[in-house]
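Take a look at the structure set out below.
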Amino acid sequence: MFLKLKQEAEAALRDSLSKSGLVEDLEWEKLPESLLLEESEHADVSSSLAFFLASMLKMPPKDAAARLVTHAADAVLESKLISEVRAVGPYINFYAGENFFQETLRRIKEEGCDFGSLGLRGKIILEHTSANPDGPLHVGHLRNATIGDVLARVLRKAGYEVETQYYVNDMGRQVAVAVLGADRFGLDATKKGDHAVVEAYVRASRALEESEGFRREAEDLMRRYEAGDPEVVRKYREVVEKSLSGARETLTQLGIKHDRFVWESEFVRNGDVRRVLKALRERAEVVEEGGALVLKLEGFEKELVLQRSDGTTLYSTRDLAYHIWKAKLGDRMIDVLGKDHELVSKQLARALEILGVPPPEVVIFEFVSLPTGSMSTRAGKFVAVDELLDKVEAAALDEVEKRRPDFSEEQKRRVARIIGVGAIRYDIAKVSPEKPMVFDFEQALDMEKRGAPFIQYAHARASSILRLAAENGYVQRSDGDFLPPDFDATLLSMESERALIRELSKLDYVVEKVVRELKPHHLAKYGRVVAETFNRFYRDCPVLNAEPLLRDARLNLVYCTKLVLKETLRLLGMEAPEEM
RNA sequence: GGGCGUGUAGCCUAGCCAGGAUAUGGCGGCAGCCUCCUAAGCUGCAGGUCGGGGGUUCGAAUCCCCCCACGCCCGCCA
């Protein structure tokens, strides 16, 4: 809804400008958006266009703003949502009218969980997580998975059809080492599969450093796996499946589901990799260096090796085949990758271009490290997501015990679980991807800070108002949902009410921003701000004890807030508890 | 050595791409608020050389250059 307000403000601005005759032929489309219209604490939408005009017209910005505004009357009359345009110093401020507040609530009620959708079309193949099947997911993978999952949810919200894929790197050296370890030392059957695998992997990695023979055996395994040796394939399967199903279990707990798991080895077995090599030889500069096949790429510090001298393929080549296949499945490809993949993903993009395949859009996120330094699966130096989940849920359970002794054990566990998962996801989602993170257990276990529980609590508060209202017969219930009464939105004139509606209206604006930038942290912030604004409303505006007409109006506002909070939480991959 | 990224109060973080109205919030600290819809809440106070230095501009956390610190990459690893 806020997007609509912005559009109307933009139309009004253009109209005023042309009526003012201040400048001819302004190339509107080329102006930076920030110069045109932005959110503002001083108005509903604000423009700093006057700064730009000032330099063209050689007049002070505030004069330009004043001149422009004198021609805004028609546009304001025409606009359904804007009631006033005012020059405040050099700024041109737009103020939403009564109708905007009314329309916002009306549309939330009408559209329900579709509110905030953008109606975009197209199919996106989104690859995320894709951790090596050599052990459990750790907090680094968690960042990938969280970013990917929130993006998938938001893109779907925006209207896209999204298929999420997990690329299973079953052909890498690491997996070979894990398979070797499993073969030599066995897998601890008492442990969760992925944890058993990493144990063997770590042990084998240590052995590898000491024994040349061990290294050769690992390489031999890789060759035989690529060749399809049935005995080796069977051993691989066991390790990879164990690791992968462990990871899937963890992801399920986090509310993350992939639509498809694609095994890297598939592209070797089905001949795609061979075909890619052939196509590249025909269309690009591929040379032989010491028996290996190398792709020369201009502008890169490093060439891309496509095939080892022993004839086996490399990660990049298989990834190339994977992307060529993926490109046919949808209109856009998005890959969520760690910073370490940046160079290789650029080389991949170039190689794809050579082959006439549109390259993926890449979302790069920076590393998650531990206070003691970087994580390493191979060295067994990492914090597993399973461990984190257990500890955070235990901390959440402590809090629930303290706050809600009235809950049944079952209820306590359920709420602790919802809060725990939310807290973990929020801590990751709130940070911009390009920012390096240091994982800190103490901070992760802090349930007091303004994270997911804060937003979930606001939702629970809204729910409990509606629940009590239903018990008093102020609202009707149907299928677990509430049917708020007819109401007069003009009664919602207090600043805390206005501020709340204004915030609710911004869901589409935030969804659009996340889709455009492919950065989920905007949504995390939005959830927090909506919760904050609701809490202020809660303080200032009694709902159940208000006069009946005002009560009805406020019940509608609470209902709409609950809807927006629930939808925001859902997009962040968090549950919205009715009580907590 | 080169490439990319990050550096904002004791700690974490938004804003940077598209320069403009008093730099966003949180944690921690201090002081208040439950006869009233869940205090996992609300209000106020303290705390800042926006890593450092130049430059561009009427105006720089934001753009440009240099430097410093940290991370990632620069494998016939993935």
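Here is how names work: the chains are called A, B, and so on, in the same order as the sequence lines, proteins then strands, and each is numbered from 1.
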Task: Nucleotide paired to B:U57 in any strand shown, Watson-Crick or G-U, under 3.5 Å - done: none

Task: A:Phe367-B:G71 aromatic stacking (under 5.5 Å, under 30°) - done: no

- [ ] Using a heavy-atom cut-off of under 4.0 Å over every strand shown, decide if A:Arg318 touches base, sugar-phosphate, or nothing.
- [x] sugar-phosphate

TODO: For A:Phe300, report the nucleic acid contact type (base, sugar-phosphate, nothing); a contact means any heavy atom under 4.0 Å.
DONE: nothing

Open item on the list: Please report the distance, rounded to the nearest Å, between OH in A:Tyr426 and C1' in B:U13.
Closed with: 10 Å

Open item on the list: Does A:Leu468 reach a base, just sugar-phosphate, or nothing at all? Heavy atoms under 4.0 Å.
Closed with: sugar-phosphate

Open item on the list: Does B:C33 have OP1 or OP2 under 4.0 Å away from a side-chain N or O of A:Arg539?
Closed with: no

TODO: Assign A:Met437 to base, sugar-phosphate, or nothing according to its heavy-atom contacts below 4.0 angstrom with the strands shown.
DONE: nothing

Atom pairs and distances, side-chain donor-acceptor, residues 467-475 of chain A, under 3.5 Å, sequence neighbours left out:
unit_1, atom_1, unit_2, atom_2, d
A:Arg467, NH1, A:Glu578, O, 3.4
A:Asn472, ND2, A:Leu468, O, 3.0

- [ ] Rounded off to whole Å, could you give me the NZ-to-C1' distance for the A:Lys513 and B:G15 pair?
- [x] 9 Å

- [ ] Answer with base, sugar-phosphate or nothing: what part of the nucleic acid does A:Glu366 contact at a heavy-atom distance below 4.0 Å?
- [x] base

Open item on the list: Between B:C72 and B:C76, how many Å separate the two C1' atoms, rounded to a whole number?
Closed with: 22 Å

TODO: Could you tell me whether A:Gln456 contacts a base, only the sugar-phosphate backbone, or nothing, with contacts defined as non-hydrogen atoms closer than 4.0 Å?
DONE: nothing

TODO: Give A:Ser374 one of three labels, base, sugar-phosphate or nothing, depending on what nucleic acid heavy atoms sit under 4.0 Å from its own.
DONE: sugar-phosphate

Open item on the list: Under 4.0 Å, counting only non-hydrogen atoms across every strand here, what does A:Ala458 touch: a base, just sugar-phosphate, or nothing?
Closed with: nothing

Open item on the list: For A:Glu38 and A:Ser40, which I'm curious about, is there any donor-acceptor pair between the side chains at under 3.5 Å?
Closed with: no

TODO: Please measure how far the P atom in B:U24 lies from the corresponding atom in B:A9, and state the result in whole Å.
DONE: 14 Å

Open item on the list: Between B:U62 and B:G51, how far apart are the two C1' atoms, rounded to whole Å?
Closed with: 16 Å

Open item on the list: So if I take every side-chain heavy atom of A:Lys339 and compare against B:A21, B:C27, B:C4, which nucleotide ends up nearest?
Closed with: B:C4

Task: Partner nucleotide, any strand, of B:U35 [Watson-Crick/G-U, under 3.5 Å] - done: none

Open item on the list: Students often get this wrong, so: under 4.0 angstrom with heavy atoms, is A:Gly89 touching a base, only sugar-phosphate, or nothing?
Closed with: nothing

- [ ] Answer with yes or no whether A:Ser316 presents, from its side chain, a donor or acceptor under 3.5 Å of a partner atom in the base of B:A78.
- [x] no

Open item on the list: Looking at the base of B:A14, is there any donor atom on it, or on the side chain of A:Ser432, that sits under 3.5 Å from an acceptor on the other one?
Closed with: no

Open item on the list: Give me the distance, rounded to whole Å, that separates B:C65 from B:G48 when you measure between the C1' atoms they each carry.
Closed with: 26 Å

Open item on the list: Students often get this wrong, so: under 4.0 angstrom with heavy atoms, is A:Val305 touching a base, only sugar-phosphate, or nothing?
Closed with: sugar-phosphate

TODO: Answer yes or no: does a side-chain N or O of A:Arg223 lie under 4.0 Å from OP1 or OP2 of B:C76?
DONE: no

- [ ] Name the nucleic acid region contacted by A:Val558, choosing base, sugar-phosphate or nothing; use a 4.0 angstrom heavy-atom cut-off, strictly under.
- [x] nothing

- [ ] Just compare B:G41, B:C76, B:A21 and give me whichever is closest to any side-chain atom of A:His42.
- [x] B:A21

Task: A:Ser46 side chain to A:Asn93 side chain, donor-acceptor N/O pair below 3.5 angstrom - done: yes

Open item on the list: Counting the atoms with a prime plus P, OP1 and OP2 as sugar-phosphate, which does A:Glu434 contact under 4.0 Å by heavy atoms, base, sugar-phosphate, or nothing?
Closed with: sugar-phosphate

Task: B:A23 versus B:C30 - spacing of their C1' atoms, nearest Å - done: 23 Å

Open item on the list: Does A:Asn93 reach a base, just sugar-phosphate, or nothing at all? Heavy atoms under 4.0 Å.
Closed with: base

- [ ] Give a yes or no on whether the backbone of A:Pro542 and the side-chain of A:Arg554 come within a donor-acceptor separation of less than 3.5 Å.
- [x] yes

- [ ] Examine the base of B:C37 for any acceptor or donor lying under 3.5 Å from a partner atom in the side chain of A:Ser464, and report the outcome as yes or no.
- [x] no

Task: SB check A:Asp427 A:Lys449 (cutoff 4.0 Å) - done: yes

TODO: Using the P atom on both, measure B:G44 against B:U49 and round to a whole Å.
DONE: 24 Å

TODO: If the plane angle is over 60° it's perpendicular, under 30° parallel, otherwise tilted; pick one for A:Tyr91 and A:Phe51.
DONE: perpendicular

Task: Whether A:Tyr91 stacks on the six-membered ring of B:G20 base, 5.5 Å and 30° limits - done: no

Open item on the list: Nearest heavy atom decides the nucleotide; on that basis, is A:Arg403 or A:Arg528 closer to the 5' end of RNA chain B?
Closed with: A:Arg528

Open item on the list: Taking pairing as Watson-Crick or G-U wobble with both contacts under 3.5 Å, can you name the mate of B:A21, or confirm there isn't one?
Closed with: none

Open item on the list: Please classify the nucleic acid contact of A:Ile419 as base, sugar-phosphate, or nothing, using heavy-atom distances under 4.0 Å.
Closed with: base

Task: Span that lies between the C1' atom of B:C36 and that of B:A14, in whole angstrom - done: 35 Å

- [ ] Ignoring hydrogens and angles, state whether a donor on the side chain of A:Glu226 or A:Thr313 is under 3.5 Å from an acceptor on the partner side chain.
- [x] yes

- [ ] Choose from B:A14, B:C17, B:U22 the nucleotide whose nearest atom is closest to any side-chain atom of A:Lys435.
- [x] B:A14

Task: Donor-acceptor pair between A:Arg551 and A:Asn545 side chains, under 3.5 angstrom - done: no

